[in-house]
There are 2 protein chains.
Amino acid sequence: MHPIAQGAYAPRRTRPIWLQIYDRLLHACETGALSPGQRLPGEISLARTFDVSRVTLRRALRRLQQEGHLQARKGAGVYVRQPLTRWQVDDSGQQLPARTADARAMETRTLSLAKGPPDAATAEHLEIAPDAKVWHLTRLRLHKGVPIYLSDKFFPADIFDRFDAAYAPAQSVQDVFAAHGQADWQRTETRISGAFATAETAAALELSPSTPLIAVEAYNTARNGRRIELTQGIWPLTGVELVFQRS
Amino acid sequence: MHPIAQGAYAPRRTRPIWLQIYDRLLHACETGALSPGQRLPGEISLARTFDVSRVTLRRALRRLQQEGHLQARKGAGVYVRQPLTRWQVDDSGQQLPARTADARAMETRTLSLAKGPPDAATAEHLEIAPDAKVWHLTRLRLHKGVPIYLSDKFFPADIFDRFDAAYAPAQSVQDVFAAHGQADWQRTETRISGAFATAETAAALELSPSTPLIAVEAYNTARNGRRIELTQGIWPLTGVELVFQRS
DNA sequence: CAGTGGTCTAGACCACATG
DNA sequence: ATGTGGTCTAGACCACTGG
């Protein structure tokens with residue numbers, strides 16, 4: 001028998017079996033008995049090991065997936081995720097690029113960049129005409145190789161006529177702003193809410209579908225009051241901590 | 001047959017049955033076919049209505065509970081929740097009490113107020129000695145009678161020697177600050193992360209256990225740098241929107 | 001191809017809330 | 001006492017992944 005499953009269960013009335021299994025698996029993740037990247041035995045096998053039905057076992061696994069400790073891949077198996085980052089975003093002043101406890105381990109991957117007509121909601125957010133054009137930038141941020149943040153950014157194309165050329169060298173939005181004479185801007189509004197992973201967003205973040213997420217929507221505004229950027233981003237509910245500081 | 005369940009299901013490969021049931025129930029909540037406060041038929045009956053097993057039906061219900069549209073009460077039934085508030089908290093400047101779109105519909109209920117020794121973590125957060133004393137205030141905020149925010153607040157007792165007397169008249173922390181000569185303070189740090197409802201927190205917020213939550217931890221600091229308040233609060237993941245604005 | 005996770009079924013027992 | 005939701009079981013078929 002696998003060592004994780006050793007020992008009898010506490011009475012069911014004190015704590016459901018599936019939560020006791022959750023406890024043991026979580027403990028195994030935290031102590032390193034299950035190491036990141038490792039593949040778990042199959043669910044049928046695991047259920048036999050824990051001496052429960054597959055349904056009960058899956059309930060424990062589902063909770064661990066929602067919390068980001070495990071990730072199931074259909075047809076492949078259940079894998080132990082890298083421990084989630086407590087990501088500290090300092091959003092005071094004009095400090096846009098998030099400072100991180102371990103900034104060198106952060107990687108930004110550009111998934112797509114294209115110019116086109118905005119949908120109605122985006123046009124309204126940016127306070128532009130529906131027939132104007134916008135740049136649409138989709139990026140993924142990874143910490144130690146683990147995707148932790150997926151964002152869509154929108155910029156009015158009339159202001160940033162050379163977005164792609166300015167962005168390409170360093171994948172830096174700040175560079176784009178600077179190249180278009182937009183050095184003086186401010187993060188004027190940040191909205192935080194909740195959501196659940198769709199099939200697509202789950203795939204991008206390497207999470208199980210239906211995982212709870214935190215969603216952010218933010219505007220950057222130029223000195224003259226014009227909105228020059230709309231950001232919509234999501235990250236896993238657990239394992240990321242957002243920090244707002246004021247001196 | 002209940003009208004909500006009318007019509008055949010789309011092929012299972014396009015969308016799982018439980019998600020199709022979820023879709024229909026959600027639509028019923030949004031259109032008012034299921035009105036707030038209403039009790040749903042029992043799960044066995046509902047499963048028969050939707051022509052699925054109880055397990056499949058419960059899967060749809062669970063998702064709706066996680067999103068705050070429904071709430072199950074053991075032994076009593078499943079009820080339709082009041083539509084969730086999009087709660088806008090303006091946290092700029094010294095504006096502590098959250099401004100709300102409909103402030104008159106907000107109610108604050110004090111659950112407990114007591115003076116005692118802090119636990120180790122609280123002492124560290126408030127930067128006080130472990131053997132100092134702190135006031136511990138637990139409150140619940142309701143919008144239109146629906147609990148949406150549960151908070152624990154801690155204050156160093158050496159500063160606020162008459163907390164209870166100053167707090168009682170208006171249930172106002174600001175009044176306590178004013179009565180102790182602490183008019184000049186600042187919200188210096190706000191940390192946002194995720195969590196899941198325990199049995200206790202679920203009961204207080206009238207949610208189903210294991211519902212995903214957003215958690216906030218914040219400090220208020222006096223002019224001299226002394227931390228005078230620690231707040232730890234939680235609210236349902238969905239249905240609340242936190243807004244940070246800067247002019 | 002075999003094995004995986006995703007979905008679904010038809011039962012069952014329990015603790016709990018309500019009338 | 002009845003009915004409720006919470007938990008659990010032992011099966012089954014499917015789509016997908018991998019060797």
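Values below: every heavy atom of this structure, side chains too, minus hydrogens, waters and symmetry copies. Chain identifiers are assigned alphabetically (A, B, ...) following the order of the sequence lines, protein sequences preceding nucleic acid strands; residue numbering begins at 1 within each chain.
The side chain of A:V78 has C:dG5 as its nearest neighbour among C:dG5, D:dG5, C:dC8. Ranking D:dT17, D:dG5, D:dC8 by closeness to the A:W18 side chain, first place goes to D:dC8. Comparing C:dC8, D:dA15, D:dG6 by their closest approach to the side chain of B:S53 singles out C:dC8.
Going from atom CD of B:Q20 over to atom P of C:dT7 covers 12 Å, rounded to whole Å. Between the CG atom of A:L40 and the C1' atom of C:dG3 there is a distance of 15 Å, rounded to whole Å. The CZ atom of B:R73 sits 12 Å away from the P atom of D:dG6 (whole-angstrom rounding). Remark: P of C:dG5 and CG of A:L207 are 18 Å apart, rounded to the nearest angstrom. Computed from coordinates, the A:Q66 CD to C:dG6 P distance equals 13 Å when rounded to whole Å. Atoms OH (A:Y9) and P (D:dT7) sit 15 Å apart, rounded to a whole Å. Residue A:R58 contributes atom CZ, which lies 13 Å from atom P of C:dT4 at whole-angstrom precision. Atom C1' of nucleotide D:dG5 and atom CZ of B:R59 are separated by 18 Å, given to the nearest angstrom.
Remark: B:D51 CG is loosely packed, at most 12 non-hydrogen atoms of other residues, nucleotides or ligands lying under 6.0 Å away. When the shell of 6.0 Å around CG of A:D23 is examined, it contains more than 12 heavy atoms from other residues, nucleotides or ligands.
Under the 30°/60° scheme for interplanar angles, the aromatic rings of B:H125 and B:Y219 are found to be tilted. Taking the six-membered ring where the residue is Trp, B:H136 and B:F154 present parallel rings, their angle staying beneath 30° rather than reaching 60°.
Side-chain contact check for B:P118 versus B:L126: every heavy-atom pair is 4.5 Å or farther apart.
The base of C:dG6 sits within donor-acceptor range of the side chain of A:R54, with an N or O pair under 3.5 Å.
Using modelled atom types, no side-chain atom of B:S35 and backbone atom of B:Q38 make a donor-acceptor pair closer than 3.5 Å. Looking at B:E43, its side chain never comes within 3.5 Å of a backbone N or O of B:R54 through a donor-acceptor pair.
Here CG of A:L57 is found 9.5 Å from OG of A:S45. Values are rounded to the nearest 0.5 Å. Atom OH in A:Y79 sits 12.0 Å away from atom CD in A:E206 (nearest 0.5 Å).
Regarding contacts with the backbone of D:dT7, every side-chain N or O of A:R12 stays at 4.0 angstrom or more from both OP1 and OP2. Contact between the side-chain N/O atoms of A:T56 and the OP1/OP2 oxygens of D:dT7 is not found at any separation under 4.0 Å.
The bend of the helix from C:dC1-D:dG18 to C:dT18-D:dA1, defined by the angle between the axes of its first five and last five pairs, stands at 10° to the nearest 10°.
Considering B:R63, B:R62, B:E67 in turn, B:E67 is the only one that fulfils the side chain to side chain donor-acceptor pair (under 3.5 Å) rule with B:Y22.
Residue-level contact check: B:I44 touches neither bases nor backbone, having no heavy atom under 4.0 Å from any strand. Heavy atoms of B:L61 sit nowhere under 4.0 angstrom from any nucleic acid atom. Across all strands shown, A:R39 has heavy atoms under 4.0 Å from sugar-phosphate atoms exclusively, and none from any base.
Residues B:R15 and B:G75 both approach DNA chain C. Their nearest nucleotides, taken by heavy-atom distance, put B:R15 toward the 5′ side. The residue among A:V55 and A:K74 whose nearest nucleotide of DNA chain D lies closer to the 5′ end is A:V55. When each of A:E43 and A:R13 is assigned the nucleotide of DNA chain C bearing its nearest heavy atom, the one mapping closer to the 5' terminus is A:E43.
Across residues 195-204 of chain A, not one residue has a non-hydrogen atom less than 4.0 Å from an atom of DNA chain C.
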